[in-house]
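Residue numbers begin at 1 in each chain, while the letters A, B, ... track the order of the sequences.
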Number of protein chains: 2
Amino acid sequence: MANRRSKTDAGSEVSLGSEMPLLVGKHVNKIDRKGRVSVPKPFRDGLLEAEPRSSFAGVYAFPSFKFPALEVCDESYMAWMAESVDDMDLFSDEQDDMSSVILENAHPLPFDPEGRVVLPAELLEHAGISGEVMFVGSGERFRVWDPETYREHSKKAFERARASGATLPRRPRDRRRRDEGSQP
Amino acid sequence: MANRRSKTDAGSEVSLGSEMPLLVGKHVNKIDRKGRVSVPKPFRDGLLEAEPRSSFAGVYAFPSFKFPALEVCDESYMAWMAESVDDMDLFSDEQDDMSSVILENAHPLPFDPEGRVVLPAELLEHAGISGEVMFVGSGERFRVWDPETYREHSKKAFERARASGATLPRRPRDRRRRDEGSQP
DNA sequence: TAGTAACCCATTGACGCCCAAATATGCCCA
DNA sequence: TGGGCATATTTGGGCGTCAATGGGTTACTA
């Protein structure tokens with residue numbers, strides 16, 4: 001389709017010095033005839049590295065209910081969300097809805113020996129993906145978009161931010177990352 | 001009842017490195033002429049793995065009192081619910097209700113050598129199932145629906161989540177599984 | 001003896017694994 | 001600073017293995 005290699009526009013993963021990698025930047029890879037796509041090496045490393053002892057070599061993906069995109073995270077993050085859902089009242093409507101939206105729509109995507117995954121039809125459809133996939137870093141997770149859809153979305157977000165003079169509230173600079181502290 | 005576990009799951013099942021699997025995602029299988037259905041491998045493994053020493057190779061299913069679906073769990077989960085019912089006031093209406101809804105309607109479903117089970121007519125009827133069965137992961141247990149009925153239900157839940165701008169109250173991020181730390 | 005239940009086998013097809021080719025990216029040297 | 005080389009990723013396919021299905025058969029029950 002459009003430009004073939006615009007990948008590597010930016011760094012992808014930066015080690016914050018401690019242990020949790022920071023997924024940043026964008027990558028575009030192709031879906032082959034068998035439906036496989038390589039997860040960008042930086043993202044792959046970043047997620048696996050965070051939970052070396054995990055028995056599951058892969059990621060979890062579920063449709064974003066805000067955008068025509070997919071949210072992708074590692075097992076510990078998904079487990080964390082499952083636990084959060086568990087904290088809600090058993091059988092409550094809220095719990096059912098969140099469970100429905102996140103857990104039931106989540107797909108475990110195991111890596112093949114080359115670090116590729118197969119995106120289920122259901123997810124491809126939600127994100128309007130076909131042919132090429134754009135991976136967008138988002139901290140300790142990343143999102144997956146159809147390249148063209150992403151450009152439009154990105155453009156609008158940029159416009160809105162400039163128009164509203166958006167600002168970013170800051171937290172005290174020396175704080176450690178969220179999951180570090182609080183443990184003995 | 002409060003949540004008892006801290007395990008999690010995914011499109012299928014993932015061992016969190018410690019002990020509790022995470023059942024997530026959906027699977028659709030067929031009911032054959034003899035009434036048998038294969039329980040998705042990931043779910044099967046997830047439940048059995050959690051209680052290797054169990055004497056019962058199979059699962060427990062009972063009708064959901066909120067949806068036209070079935071709740072399926074392993075023996076330890078069923079035992080936990082039975083205990084929870086016991087904790088309720090003896091002879092209270094609530095206890096009687098929970099007891100009759102869950103315990104009295106529960107069916108033990110043994111696996112055949114291929115991992116299939118036979119859903120009793122009573123359960124098939126409650127869920128309006130015939131022909132195909134959809135298995136939906138929900139953490140450490142899973143639900144069984146008629147595919148079409150589930151799609152409608154899921155669509156509504158998704159809409160509600162998007163409309164209300166649902167957010168998931170997160171428990172403090174602690175990379176360890178819940179039942180690991182914090183207990184002597 | 002009819003009906004049901006549990007087990008064993010065979011078939012089919014999707015998925016995971018291995019190997020090889022084609023491209024990028026980073027580094028070294030002129 | 002530009003070219004070229006060595007290495008690391010991304011792509012393509014072929015193939016074997018395992019999970020999902022369909023039936024046949026035997027063991028029990030009623």
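One atom, CZ of B/Phe56, and another, P of C/dA6, lie 10 Å apart when rounded to the nearest Å. Look at CZ on A/Phe111: it is 11 Å from P on D/dT10, rounded to the nearest Å. Atom CZ in B/Arg36 sits roughly 10 Å away from atom P in D/dG23 (whole-Å rounding). Here the P atom of nucleotide D/dT21 and the CG atom of B/Asp112 are 12 Å apart, to the nearest Å. Between B/His27 atom NE2 and C/dC15 atom P there is a gap of 11 Å when expressed in whole angstrom units. As a whole-Å value, the separation of A/Leu109 CG from C/dG16 P is 10 Å. Taking atom CZ on B/Phe135 and atom C1' on D/dA20, their separation rounds to 11 Å, with Å as the unit. Spacing between atom CG of B/Asn29 and atom P of D/dG22 amounts to 10 Å, rounded to whole angstrom units.
A/Arg44 has a side-chain polar atom (N or O) that falls below the 4.0 Å cut-off from OP1 or OP2 of D/dT10. Distances shorter than 4.0 Å separate some side-chain N or O of A/Arg33 from OP1 or OP2 on D/dG13.
Using a 4.0 Å cut-off between charged side-chain N and carboxylate O, A/Arg143 and A/Glu71 make a salt bridge.
The nucleotide whose nearest atom lies closest to any side-chain atom of B/Lys30 is, among D/dT21, D/dA20, C/dC8, D/dT21. If you check D/dG24, C/dC18, D/dT10 against the side chain of A/Ser38, the one that comes closest is D/dT10. Side chain of A/Glu114, nearest nucleotide from D/dA20, C/dC8, D/dT11: D/dT11. With C/dG16, D/dG23, D/dT10 as the candidates, the nucleotide lying closest to the side chain of B/Lys34 is D/dG23.
Within the 6.0 Å centre-distance limit, the rings of B/Trp145 and B/Phe67 are counted as a close aromatic pair. For A/Phe43 and A/His27, the ring centers sit closer than 6.0 Å to each other.
If you check the side chains of B/Gln95 and B/Ser99, you find no donor sitting under 3.5 Å from an acceptor. In this model, a donor atom of one side chain and an acceptor atom of the other lie less than 3.5 Å apart for B/Thr149 and B/Asp146.
The base of D/dG12 is paired with the side chain of A/Arg116 by a donor and an acceptor separated by under 3.5 Å.
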